[in-house]
Amino acid sequence: MALRILCWDHPRCVNPVRAAAAVWERQHGTTITVTARPLAAFNDQPISDIARDADLLFIDHPMVGTVAREAALLPLDRLLDASVLETLRADSIGGSHDSYSWDGNQWAIAVDAACQVAVVDDSRLDGRDVPHRWDDVLTLARGVPGSVALPLYPSDAILSLLSISAELSASDELWAEEAVDILVELVRLVDQRSFRLNPPGLLDLMSSESSDAPVYAPLLFGYTNYQRPETRGRRLRFCQPPSVGERPAAVLGGAGLAVSAAGKHPDEAAAFAAWMAGADVQGTVVLGNDGQPASRSVWLDPAADEVVGGFFSGTRATIESSYLRPRAAWWPAYQEAAGIRLAEALRRGESASAIHADLIHALDKARDKEPT
């Protein structure tokens, strides 16, 4: 028997999967092939384009509405006992497990957990306080040019705006004009390299020995790899993002392992996914091989927190209250198109009011196309 697993191309995903695959092969005699696709494809590529080439694949939770319609994946509740899924759900950090549930089915299992957080190079803050409010971020950016950066790759720009808006918007709105104001003002001040960087790219820059590397980023998806004690280069620290009011909002990320409808061994694939998501494997194989567990018991374990240099304790409150993105079938295409339009508008220096109006107009059109 052979399984094919499709990852996204970062050590946080590839390394723990390869390590888990090696253990599974020894225990079960299954041959497992591990491949990877770019992070940008993980964010935006339709699942139907890739599911035919894998037995297991990592997906982003906003894709579940689309996959439910297209039948590119198999519902895990038809492959695994309900007790297995409930055990995984009970141990999941924040909304990680539930984010892959749609229309009464479980479409993936959370084996990786993340949300947008802030990151700082404490060694280069020169005695300044870490910003707690967006006004503080703008003050730092104005006072020390080049000190603040923000990933402005299209998918990251739109999700950062969504995080800020989630704190400010009414429950039935996605985009708050005040949030666009904040983002527009910040973009005028941040390191202009931000436009070509996604989170790993910015984190690589901040952790490098470059003398002109930014020292603070207010919103990006966290990676334990850059806070672990053995990390190369400058060691960074992840923390709560800034807020406008009492409590910041932050978009939920992470990655779920899903079973392809085109695979030849769906039962074996589902069993592997459930095993890799279990607390024991999460706390040993995943954590020990650059992974970022989705198991709440691992996040609460002081010994595990020490392995990641305090990453779990520093960001746990944020992920426990993180914001779940829309998951209806119209969202992935809208997120991709809106991200491209937003990044271009920010680069051109368009006004916040014009950007907000464009996002709302495109949102209304996307929702209108959704079948009822």
Side-chain angles (χ1 to χ4, degrees), residues 8 37-49 60-63 65-66 116 134 137-138 141 148-170 172-202 217-221 241 244 249-253 323-371:
W8 49 281
R37 58 179 172 147
L39 178 58
F42 170 79
N43 289 329
D44 300 321
Q45 187 177 24
I47 300 301
S48 58
D49 289 356
D60 198 10
H61 67 261
M63 298 288 184
T66 302
Q116 286 195 322
W134 281 104
V137 177
L138 297 174
V148 178
L150 182 74
L152 292 173
Y153 191 84
S155 57
D156 298 295
I158 198 70
L159 295 185
S160 289
L161 180 59
L162 188 59
S163 284
I164 305 170
S165 290
E167 185 184 1
L168 294 167
S169 295
D172 60 344
E173 297 177 348
L174 276 179
W175 309 119
E177 189 166 353
E178 184 182 349
V180 184
D181 284 331
I182 292 171
L183 185 60
V184 166
E185 179 62 21
L186 181 61
V187 167
R188 294 191 181 111
L189 301 167
V190 297
D191 188 310
Q192 291 303 294
R193 290 173 290 187
S194 297
F195 281 103
R196 62 176 185 267
L197 295 173
N198 62 11
L202 178 53
L219 276 174
L220 80 178
F221 287 107
V244 177
V251 163
L252 179 67
Y323 175 79
L324 188 64
R325 280 171 278 168
R327 295 170 297 157
W330 59 265
W331 174 259
Y334 171 75
Q335 176 183 297
E336 181 180 11
I340 293 170
R341 292 163 71 116
L342 174 62
E344 290 176 349
L346 291 170
R347 191 189 293 271
R348 290 193 301 264
E350 292 186 13
S351 69
S353 59
I355 292 172
H356 181 256
D358 182 64
L359 288 170
I360 295 297
H361 176 69
L363 177 62
D364 290 342
K365 288 179 63 177
R367 284 173 164 165
D368 287 344
K369 291 180 181 178
E370 180 75 357

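Computed over heavy atoms, backbone and side chain alike; hydrogens, waters and symmetry mates excluded.
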Would you call Leu219 and Ile164 a side-chain contact if the rule is heavy atoms closer than 4.5 Å? yes

When you measure from the side chain of Glu185 to the backbone of Leu138, do you find a donor-acceptor pair of N or O atoms at a distance under 3.5 Å? no

Minimal non-hydrogen separation, Ala149 against Leu202, with atom names: CB-CD1, 3.7 Å

Distance col, row Asp358:CG vs Ile355:CD1, nearest 0.5 angstrom, shows 8.5 Å

Mind checking the NE2-CG spacing from His361 to Asp364? Nearest 0.5 Å is all I need. 8.0 Å

Does Leu159 reach the side chain of Tyr153, with side-chain heavy atoms less than 4.5 Å apart? no

So, the side chain of Asp191 versus the backbone of Arg193: is there a donor-acceptor pair under 3.5 Å, distance only? yes

Could you tell me if the side chain of Trp331 sits less than 4.5 Å from the side chain of Thr66, heavy atoms only? no

Is there side-chain contact between Phe221 and Val251, with at least one heavy-atom pair below 4.5 Å? yes

Reported CG-to-CG distance for the pair Leu252 and Asp60, which is rounded to 0.5 angstrom: 9.0 Å

Could you check whether any side-chain heavy atom of Leu162 comes within less than 4.5 Å of a side-chain heavy atom of Gln335, counting everything from C-beta outward? no

Rounded to the nearest 0.5 Å, what separates atom CG in Leu152 from atom CD in Gln192? 8.0 Å

Where do Val180 and Ala352 come nearest, in terms of heavy atoms and distance? CG1-O, 3.6 Å

If we only count heavy atoms from C-beta on, is the Asp156 to Leu220 side-chain gap below 4.5 Å? no

Going through the checks in order, is the side chain to side chain contact (heavy atoms under 4.5 Å, CB included) test met by Leu174 and Leu359? CA-CA 9 Å; Leu174 276 179; Leu359 288 170; over 6 Å; no

Is there a donor-acceptor pair closer than 3.5 Å between any side-chain N or O of His356 and the backbone N or O of Trp175? yes

Contact check, side chains of Gln116 and Ser160, non-hydrogen atoms, under 4.5 Å: yes

Residues Arg347 and Glu344 bridged, charged N to O under 4.0 Å: no

Test applied, side-chain contact (heavy atoms from CB on, under 4.5 Å); reference residue, Trp134; option that passes from Leu183, Asp181, Ile182: Ile182

What closest approach, in Å, do Pro241 and Pro218 show between heavy atoms, and which atom pair accounts for it? CB-O, 3.5 Å

Mind checking whether Ser353 and Glu177 have side chains closer than 4.5 Å, heavy atoms only? yes

Identify the two heavy atoms, one from Pro62 and one from Pro332, that lie closest to each other, and give their separation to 0.1 Å. O-CG, 3.5 Å

Atom CG of Leu150 and atom CG of Leu189: how far apart are they, to the nearest 0.5 Å? 11.5 Å

Spacing of His61 atom NE2 and Arg325 atom CZ [to the nearest 0.5 Å]: 4.0 Å

